[in-house]
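Taking it in order: structure first as structure tokens, then the write-up.
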Amino acid sequence: AQQIGAHDAPVKAVRFLPRSNMIVSGGWDRKLKFWDARSPNPAGAFDMPDRVYAMDVCDDLLVVATAGRHVISYDVSGTPREVVRKDSPLKYQTRTISCFPDRTGFAVGSIEGRVGIHYLQKVAGKESFAFKCHRQDSNVFAVNGICFHNQFGTFATVGSDGLVNFWDKDNKQRLKSFPVLQRSVPCAAFNQPGNMFAYAVSYDWHKGSTFHSPSTPDEIFVHYVADEEIKPKSKKK
């Protein structure tokens, strides 16, 4: 193991920038730092408006979500530069953010069981919107993770309610819902070809330390994805 850098407060997110072979990290010290693994000093840094809660990278698009519902997008095709700064389309604290595979926008999830689909540029026939998910009767759960399928542009959400769902944002449909798990799902990801979907099951601390059970094992599951589960379906008339 090699330490390549440090923050002055907890590090919340780390991503790799394929265009520049650099690493970007965001922390609760309100800093976004860019690292070359060969140097202990950051190659660049940005002051953020608040603590970094989540971020994602897709090719030359970097999106960063902070406390205070700020969302900032960067062009990282060369020297990183800020492109757009705006408020999250959701009213409550951001938990996760993920770039569209075509880089036209991002999806953001909040602690209030909502996902916002937001376009950074105009796309014919498509508008930004938000929808409710990860709710059971009157109980509302956090959206812990959002990840996109590279081929089809559909996506998965996972939450504190122990649910895993596949969605089609273009047709505004849920494609698949997994059987409910007895513990929270904190994160998930598709592999590059999109034929495997991995998700973790563990306590996500949404009820505090009182409900933490050290004897309960943390687990990772891999689901083999059939095209009919994740491919967009014709919109119902």
Side-chain angles (χ1 to χ4, degrees), residues 1-3 6-7 9-16 23 25-29 51-57 64-67 69 88 90-99 107-116 131-149 154-167 174-226 229-230:
Q2 174 190 0
Q3 179 176 320
H7 283 256
V11 177
K12 188 62 179 67
V14 179
R15 293 291 185 272
F16 177 68
I23 297 161
S25 60
W28 282 14
D29 56 357
R51 301 179 305 279
V52 173
Y53 280 168
M55 68 179 177
D56 192 31
V57 174
V64 183
T66 76
R69 298 176 47 248
S88 166
L90 306 179
K91 295 180 180 179
Y92 291 86
Q93 183 189 102
T94 301
R95 179 63 65 90
T96 183
I97 195 166
S98 184
C99 302
V108 58
S110 74
I111 61 171
E112 193 226 355
R114 287 180 187 264
V115 168
F131 66 95
K132 299 177 183 178
C133 57
H134 296 282
R135 299 179 176 214
Q136 298 174 14
D137 300 322
S138 60
N139 297 314
V140 178
F141 299 87
V143 180
N144 287 332
I146 300 171
C147 55
F148 278 87
H149 190 279
T154 49
F155 65 99
T157 62
V158 297
S160 294
D161 54 354
L163 275 177
V164 178
N165 293 309
F166 290 171
W167 305 91
R174 180 162 58 186
L175 300 172
K176 178 181 175 65
S177 185
F178 287 53
V180 64
L181 299 162
Q182 298 306 310
R183 287 180 291 155
S184 302
V185 184
C187 57
F190 289 100
N191 66 343
Q192 185 66 27
N195 62 337
M196 290 193 293
F197 173 73
Y199 56 97
V201 178
S202 67
Y203 185 53
D204 65 359
W205 301 94
H206 72 283
K207 291 184 178 181
S209 60
T210 304
F211 288 83
H212 175 53
S213 175
S215 61
T216 303
D218 299 327
E219 298 175 296
I220 296 175
F221 296 89
V222 176
H223 174 78
Y224 288 92
V225 182
E229 294 179 323
I230 195 66

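In Phe16, the CZ atom is crowded: over 12 heavy atoms of neighbouring residues, nucleotides or ligands sit closer than 6.0 Å.
Residues Thr66 and Arg51 fail the side-chain proximity criterion, which asks for heavy atoms closer than 4.5 Å. Side-chain contact between Phe190 and Met196: absent, with no pair of heavy atoms (C-beta onward) separated by less than 4.5 Å. Taking 4.5 Å as the limit, some side-chain heavy atom of Ile146 sits within range of a side-chain heavy atom of Val115. Side chains of Asn144 and Thr96 form no contact here, defined as non-hydrogen atoms less than 4.5 Å apart.
With hydrogens and angles ignored, the 3.5 Å screen pairs no side-chain donor or acceptor of Asp137 with any backbone N or O of Asn139. At least one donor-acceptor pair under 3.5 Å links the side chain of Arg69 to the backbone N or O of Leu90. At least one donor-acceptor pair under 3.5 Å links the side chain of Ser184 to the backbone N or O of Ser160. Here the side chain of Asp56 pairs a donor or acceptor atom with the backbone of Cys99 at under 3.5 angstrom.
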Query raised in the report: Can you list the steps and then say if Glu112 with Arg95 is a salt bridge (charged side-chain N to carboxylate O under 4.0 Å, His left out)?
Result: CA-CA 9 Å; Glu112 193 226 355; Arg95 179 63 65 90; over 6 Å; no

Report task. Check step by step if side-chain contact (heavy atoms from CB on, under 4.5 Å) holds for Cys133 and Val143. Result -> CA-CA 8 Å; Cys133 57; Val143 180; 3.9 Å; yes

Requested in this report: Give the intermediate values and the outcome of side-chain contact (heavy atoms from CB on, under 4.5 Å) for residues Val185 and Leu163.
Outcome: CA-CA 7 Å; Val185 184; Leu163 275 177; over 6 Å; no

Report task. Dump the intermediate steps for side-chain contact (heavy atoms from CB on, under 4.5 Å) on Val14 and Ile23, then the final yes or no. Result -> CA-CA 7 Å; Val14 179; Ile23 297 161; 3.6 Å; yes

**Report entry** Intermediate values then yes/no, side-chain contact (heavy atoms from CB on, under 4.5 Å), Phe131 and Arg114
**Finding:** CA-CA 6 Å; Phe131 66 95; Arg114 287 180 187 264; over 6 Å; no

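Looking at Thr154 and Trp167, their side chains never bring a donor and an acceptor atom within 3.5 Å of each other.
Aromatic pair Phe178/His223: centroids less than 6.0 angstrom apart. Under the 6.0 Å cut-off for aromatic ring centres, His134 and Phe141 do not qualify, their centroids lying 6.0 Å or more apart. The six-membered or imidazole ring of Phe166 lies near that of Phe197, with a centre-to-centre distance under 6.0 Å.
The line from OG1 of Thr157 to CG of Asn165 is 4.5 Å long, rounded to the nearest 0.5 Å. The CD1 atom of Ile230 sits 12.0 Å away from the CG atom of Asn195 when rounded to the nearest 0.5 Å. Taking CZ of Phe221 as the start and CG of Leu181 as the end, the distance is 6.5 Å to the nearest 0.5 Å. With rounding to the nearest 0.5 angstrom, the NZ atom of Lys12 is 7.5 Å from the CH2 atom of Trp28. For the atom pair Tyr203 OH and Ser209 OG, the distance stands at 7.5 Å (nearest 0.5 Å). Taken from CZ in Phe148 to OG in Ser98, the straight-line distance is 5.0 Å, to the nearest 0.5 Å.
In terms of heavy-atom proximity, Ala200 sits nearest to Pro186 at O-CD, 3.1 Å. Heavy-atom minimum distance, Val225 versus Gly194: CB-O, 3.6 Å.
Ion pair Arg183/Glu219 flagged as a salt bridge, since at least one NZ, NE, NH1 or NH2 atom sits closer than 4.0 Å to an Asp/Glu carboxylate oxygen.
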